[in-house]
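Here is the structure we will look at.
Throughout, a chain's letter reflects where its sequence line sits, starting with A, and its residues are numbered from 1.
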There are 2 protein chains.
Amino acid sequence: MKTEKLHRLIWMSRPLMQAAEACVEAGLKGTGLTVRMRAVLEILHRYGEQTVPDIAARLEIKRQYVQIMCNETLASGFVEQRANPRHKRSPILALTGRGLDLIEKIISRELKLMEEVGENLSNEDISKALDVVLAVTDSLKKRAGEKI
Amino acid sequence: MKTEKLHRLIWMSRPLMQAAEACVEAGLKGTGLTVRMRAVLEILHRYGEQTVPDIAARLEIKRQYVQIMCNETLASGFVEQRANPRHKRSPILALTGRGLDLIEKIISRELKLMEEVGENLSNEDISKALDVVLAVTDSLKKRAGEKI
DNA sequence: TCAAAATGACAAGTATAATGTCAAAATGAA
DNA sequence: TTCATTTTGACATTATACTTGTCATTTTGA
């Protein structure tokens, strides 16, 4: 029974993710941003200006794809290149004024959504759920790594 | 703070899903099955023999793609077609003996993994976590639907 | 100094779908 | 029974979100 619930919890990750992504996508309508452009803006907002390989490391996806995401984002004008004193070939990406305004608006809208979603849930329950999910993810990661 | 934890919980869905899928994939090595073929076998095992459109409805993905999945699975010999008295054009798919053996072996292996992963977690915690995740998913689904 | 690593750019491939269309078959209402 | 509608399999196209591989340049670090 414990096992069965754990199984259900784990496989709820897909519908949960899909629902969350649908919400993000819905919140992007009219902004001119795509989901992946938003991801770039969010990283720059949360962790500060940085290079493409830095962003790739944060997102844990290959730099070649992040390069594409970042090039698109650059083209949008919400992000700009700045000279990188540490590496001539790898400019630093930074939010422009418009980019900062936009991502802050988007994030605050998303946080408001979080508040609404959490309305009927206690802090304690959310906290416990997060702990469980973290532990399960960690455990699965280890076991997948072993087997492959 | 509650909001922030909820945010983290929601976005753990991606790494959780990826870790779970990696485990499933690792467990399929040497069986000749792909992840999507396994999905077909699992549905047939859990809900019994049924047609392609039925499977598509269960998986909540378009029948055209499920058709491809099923055709692959048919080619593998783990599933076979049976005449459908209710619809001449739409045969019923059923597990073959080999298919049944294989999916049962895979499921039992995966359940054992569930037990290991749940070792250090209480029934109650898992139960609560599942409730929270179900509630959050439901809430997000509603809100995404409204906005789009 | 020089081999190794990092980076941007580009090409190709893979997995997981959605969408559109067609023809044959099945269904259901008049 | 008929006939419009729906269902189904098959096939084609497109999209998204990646990975992998390669190349030339640049940077680094021993």
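Taking atom NZ of residue B:K62 and atom C1' of nucleotide D:dT7, one finds them 15 Å apart after rounding to whole Å. Between A:Q50 atom CD and C:dG8 atom P there is a gap of 12 Å when expressed in whole angstrom units. Remark: C1' of D:dG9 and CE of B:M69 are 16 Å apart, rounded to the nearest angstrom. A:R36 places its CZ atom 14 Å from the C1' atom of D:dT19, with the value rounded to the nearest Å. B:E25 has its CD atom 13 Å from the P atom of D:dT19, to the nearest Å. Across the protein-nucleic acid pair, B:Q18 atom CD and D:dC18 atom C1' stand 10 Å apart, rounded to whole Å. Put simply, CZ on B:R38 is 12 Å from P on C:dT16, counting in whole angstrom units. Remark: P of C:dT21 and OH of B:Y65 are 22 Å apart, rounded to the nearest angstrom.
Every residue meeting the side-chain contact (heavy atoms from CB on, under 4.5 Å) condition with A:P91, not counting sequence neighbours, appears here in chain and number order: A:Q81.
Looking at heavy atoms from C-beta onward, A:M114 lies in side-chain contact with B:I10 at the 4.5 angstrom threshold. Counting heavy atoms from C-beta outward, B:L140 and A:L16 have side chains that approach closer than 4.5 Å. Residues A:I103 and A:L95 meet the side-chain proximity criterion, which asks for heavy atoms closer than 4.5 Å. Taking 4.5 Å as the limit, every side-chain heavy atom of B:I126 sits out of range of all side-chain heavy atoms of A:V136. In this structure, the side chains of A:I106 and A:L41 stay at 4.5 Å or more apart for every pair of heavy atoms. The closest side-chain heavy-atom distance from B:L74 to B:V40 is not below 4.5 Å.
Salt bridge B:E124/B:K128: absent, no basic N to carboxylate O contact under 4.0 Å.
Close to C:dG8, at under 4.0 Å from its OP1 or OP2, lies no side-chain N or O of A:N71.
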Which dot-bracket string describes DNA chain D (Watson-Crick N1-N3 plus N6-O4 or O6-N4, or G-U N1-O2 and O6-N3, all under 3.5 Å; [ ] crossing; | other strand)?
||||||||||||||||||||||||||||||
Any N/O pairs under 3.5 Å between the protein and nucleotides 3-7 of chain C? List them or say none.
unit_1	atom_1	unit_2	atom_2	d
C:dT7	O3'	A:S90	OG	2.7
C:dT7	O2	A:R89	NH1	2.8
C:dT7	O2	A:R89	NH2	3.4

Detail all sub-3.5 Å separations between protein N/O atoms and N/O atoms belonging to nucleotides 11-15 of chain D.
none

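Across all non-hydrogen atoms, the minimal contact from B:M69 to B:L59 is CE-CD1, 4.0 Å.
Apart from A:M17 itself, the hydrophobic cluster it occupies contains B:M17, where clustering links Ile, Leu, Val, Met, Phe, Trp and Tyr at side-chain heavy-atom distances under 4.5 Å.
Each salt bridge (Lys or Arg N to Asp or Glu O under 4.0 Å) pair with one or both residues in residues 32-58 of chain A, not counting sequence neighbours, appears once here: A:R36-A:E72, A:R38-A:E42, A:R38-A:E110, A:E42-A:R46, A:E49-A:R82.
Residues A:I61 and A:R86 each lie close to DNA chain D; by heavy-atom proximity, the contact nearer the 5' end of the strand is made by A:I61.
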